[in-house]
Structure formats: structure tokens, C-alpha cells
2 protein chains.
Amino acid sequence: MKSNNPDFAELLREYGSKATPGRVTLLKVLWQEDKPISVAGLKKKLDPSFDEVTLYRALESLTASGLIREVDFRHGHAHYEMNALREHHHHIICTSCGRVEDTECRVQEAKLTKASAFRIITDHTAEFFGLCNSCIKTA
Amino acid sequence: MKSNNPDFAELLREYGSKATPGRVTLLKVLWQEDKPISVAGLKKKLDPSFDEVTLYRALESLTASGLIREVDFRHGHAHYEMNALREHHHHIICTSCGRVEDTECRVQEAKLTKASAFRIITDHTAEFFGLCNSCIKTA
DNA sequence: ATCACAAACGCAATATACTTGCAATTGAAC
DNA sequence: GTTCAATTGCAAGTATATTGCGTTTGTGAT
Ligand SMILES: [Mn+2]
Ligand SMILES: [Mn+2]
Ligand SMILES: [Zn+2]
Ligand SMILES: [Zn+2]
């Protein structure tokens, strides 16, 4: 739970989307989550009448606009988190208990454009996998 | 195509796998590839009698042992590349033409264990997406 | 060389994650 | 309030990967 909720309808419009009731609710759920959430997780938090296909299409659309972001935790399905109004970052995931921690981005894309045949790098992934301290103890 | 082929059967045994004819062939194909290849790509290069389920199980097993590595190009399916006998690295992928280039790893996992509640980091992903120089020109 | 057995295989069935087609609805711009 | 592209809802479909299970095989031990 967070305070100072942004105006989700306005935010959606700023990113070129229509501010439908479903998308406003979806965005609110993503805002309240403190870590990337799966489609299954979203369905549980949303009204059962929220159509699954509509959900997939909203996620695709909002990801394309950059309002939200898709993250790969190697669970065989996508996770999503708020991208706007947040600082760019990555994650450390415990492969034993699933615990997730944000971690600051230390990647410098600019250096890569000098070392490669790519002049434009738009985006990158960087997730870390390991064991959190409580899982180390019980191991 | 590369010269100085390693002994694939011996390599498989070193990584705790049985050196079956199928796995030896699979490993050879992965060795000859210069970039991560999909399951569909592998099937094309392998004998049609190579069972698909056997292929999936071999990939899972060899990935678990660290002999090969799974890479996510955001194509909706996995890609695999040789991991043993190679230096750890990452990739830059052109989102327009699919061109792939290796890039050296600049990530320092050790620094992360100090900044987080994780003492053990075993693994990380880091792939870069952008436009290669020939796709920039034609854009 | 033979044996024992876990690992790997082959085939059919199944599961999960996600996509497509299309008619109906609706938010936003004018 | 009219217009229209964006979005929705439902049904059907696709792609990717997994599971179950009986059979085969590579490997280490004798
Ligand atoms: Mn998950
Ligand atoms: Mn591919
Ligand atoms: Zn980053
Ligand atoms: Zn690395």
C-alpha cells in the first residue's frame, strides 16, 4: 500500500491509452505492488469479470508505451511492474523462496555503442539470481 | 564452422551426463553455432528422427549442469548456446533484423552481495536490445 | 564380458501461456 | 451529440513446453 496515488486516468492518457475503468484499476494494482506480478497474480487481485484476453491486451499495450514494464524471472511466464514514475532498476531473485529485491542499475548502455556495431541501444534486461540470506541459513 | 572440435562425449561425461549419440550430436550443433539457437532451429539442424521431447529434456538437463546456457531474446521461446569452454558473455540483439552480437560482461556480482540482503548470487541475465547499424541506415 | 541400474529415450497425451478473429462497446476529440 | 479508432468480451486457436510410462542404453562394478 502506498500513499499519494497518482491520477491513473491522466497517466494513461499521457501514455496514449484510453482511460477505461479496467485499465485504471489495472494500473492501480500495479502501483500498489512492490514487486513485479504475474498475469495469474493480477487476475487474483482484479475483479473476476475482468476478461483475461483484455488483460493480456492491456499489458501488451501499456508495455509498448512504456507505462509498465515486463520482467523475466525465469518462471516460464511474464511478470509486470510499473515503469513510469519509478527509477529504472533491476532485481535480485531468490531461486529458493522467490523473494525479490530491487537493485539499482549499473549498466552503461552508452559504453556499449562504442564497443559494438550497434549505435542505438534502446533497452536492456539485467536480473540476478541467487539465495537470500534466510534461505542460506536453512540450507 | 570451427576447427579443433573438443571431445563432446568426454565433455558430456564431465558434466555428469551420459554420452548418448543424440546428446553428442546436439552438443556438436551447439558448438558450431556462433549465436544462441532456438529449439525450432535445432530441430532443423538435427536428424528428423531426433525426438522433440528428448531434445527438450536434453536441453533442460544440460542447462542444469551448466554445459549449455539458456538465453532470452524476447522471441517468446528459449534460445540455447554453448556455455562450457567459452568465456561468460552477453548479447546485443537488433529488434529490427534479429542480428546478434556477443558483448563482454561488465557486471560485478560481488558488488551486489554487499548492497543487498543476498550473500550468494549464482547467475545473472543481461541482454541488450537496439538497432544495428545497417537497420539504422534503412530506417 | 556380463550384470545391474539409473539415466535417457520415444511416443502419446496433457498443460500452460498467450494470440487471433470478429462483432459490440466506449472514451476522447471535435 | 457525432464520429471513429481504441478497447472490450467471448470463442476458438496456436505455440511452447511438460508429464506419464514402458522400453532402451550407457556406465561403473564385478
Ligand atoms: Mn512468478
Ligand atoms: Mn529466435
Ligand atoms: Zn538497467
Ligand atoms: Zn554477465
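Just so we're on the same page: letters track the sequence lines, and every chain starts at 1.
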Trainee: Going by heavy atoms closer than 4.0 Å, what residues in residues 45-66 of chain A are next to DNA chain C?
Mentor: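 Under 4.0 Å from DNA chain C: A:V53, A:Y56, A:R57.
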Trainee: Side chains of B:E101 and B:H90 only: does a donor on one sit below 3.5 Å from an acceptor on the other?
Mentor: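 B:H90 and B:E101 do not have a side-chain donor-acceptor pair below 3.5 Å.
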Trainee: Residues two or more places apart in sequence or in another chain: which of them pass side chain to side chain contact (heavy atoms under 4.5 Å, CB included) with B:E10?
Mentor: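 B:E10 satisfies side chain to side chain contact (heavy atoms under 4.5 Å, CB included) with B:D7, B:R13, B:E14 once adjacent residues are dropped.
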Trainee: Need the bend value for the helix from C:dA1-D:dT30 to C:dC30-D:dG1: angle between end axes, 5 pairs each end, nearest 10°.
Mentor: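 It works out to 50° between the end axes.
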Trainee: I'd like a table of atom pairs between the protein and nucleotides 23-30 of chain C - only N or O on both sides, under 3.5 Å - with the distance next to each one.
Mentor:
from	atom 1	to	atom 2	distance (Å)
C:dT26	O2	A:K18	NZ	3.0
C:dA28	OP1	A:R13	NE	2.6
C:dA28	OP1	A:A19	N	3.0

Trainee: Do A:L62 and A:Y15 have side-chain heavy atoms sitting under 4.5 Å apart?
Mentor: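 No, their side chains stay 4.5 Å or more apart.
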Trainee: Provide the start and end nucleotides, 5' to 3', of the part of DNA chain D that has atoms under 4.0 Å from heavy atoms of chain A.
Mentor: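 Contact boundaries, 5' end first: D:dA5 to D:dA11.
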Trainee: What integer distance in Å separates B:H77:NE2 from C:dT19:P?
Mentor: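 Atom NE2 in B:H77 sits about 13 Å away from atom P in C:dT19.
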Trainee: Taking for each residue the nucleotide of DNA chain D bearing the nearest heavy atom, is the 5' side occupied by A:G22 or by B:A40?
Mentor: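 Its nearest nucleotide lies further toward 5', so the answer is A:G22.
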Trainee: Can you give me the closest heavy-atom contact between A:C135 and A:L131, atom names plus distance?
Mentor: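 For A:C135 and A:L131, the tightest heavy-atom pair comes out as CB-CD2, 4.4 Å.
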Trainee: Return each pair, listed once, that meets salt bridge (Lys or Arg N to Asp or Glu O under 4.0 Å) where at least one residue sits in residues 43-60 of chain B; pairs must be two or more places apart or across chains.
Mentor: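 Applying salt bridge (Lys or Arg N to Asp or Glu O under 4.0 Å) to every pair that reaches into residues 43-60 of chain B, excluding sequence neighbours, yields B:E33-B:K45, B:K43-B:E52.
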Trainee: Would you please indicate if the ring centroids of B:H124 and A:H91 are separated by under 6.0 Å?
Mentor: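 No.
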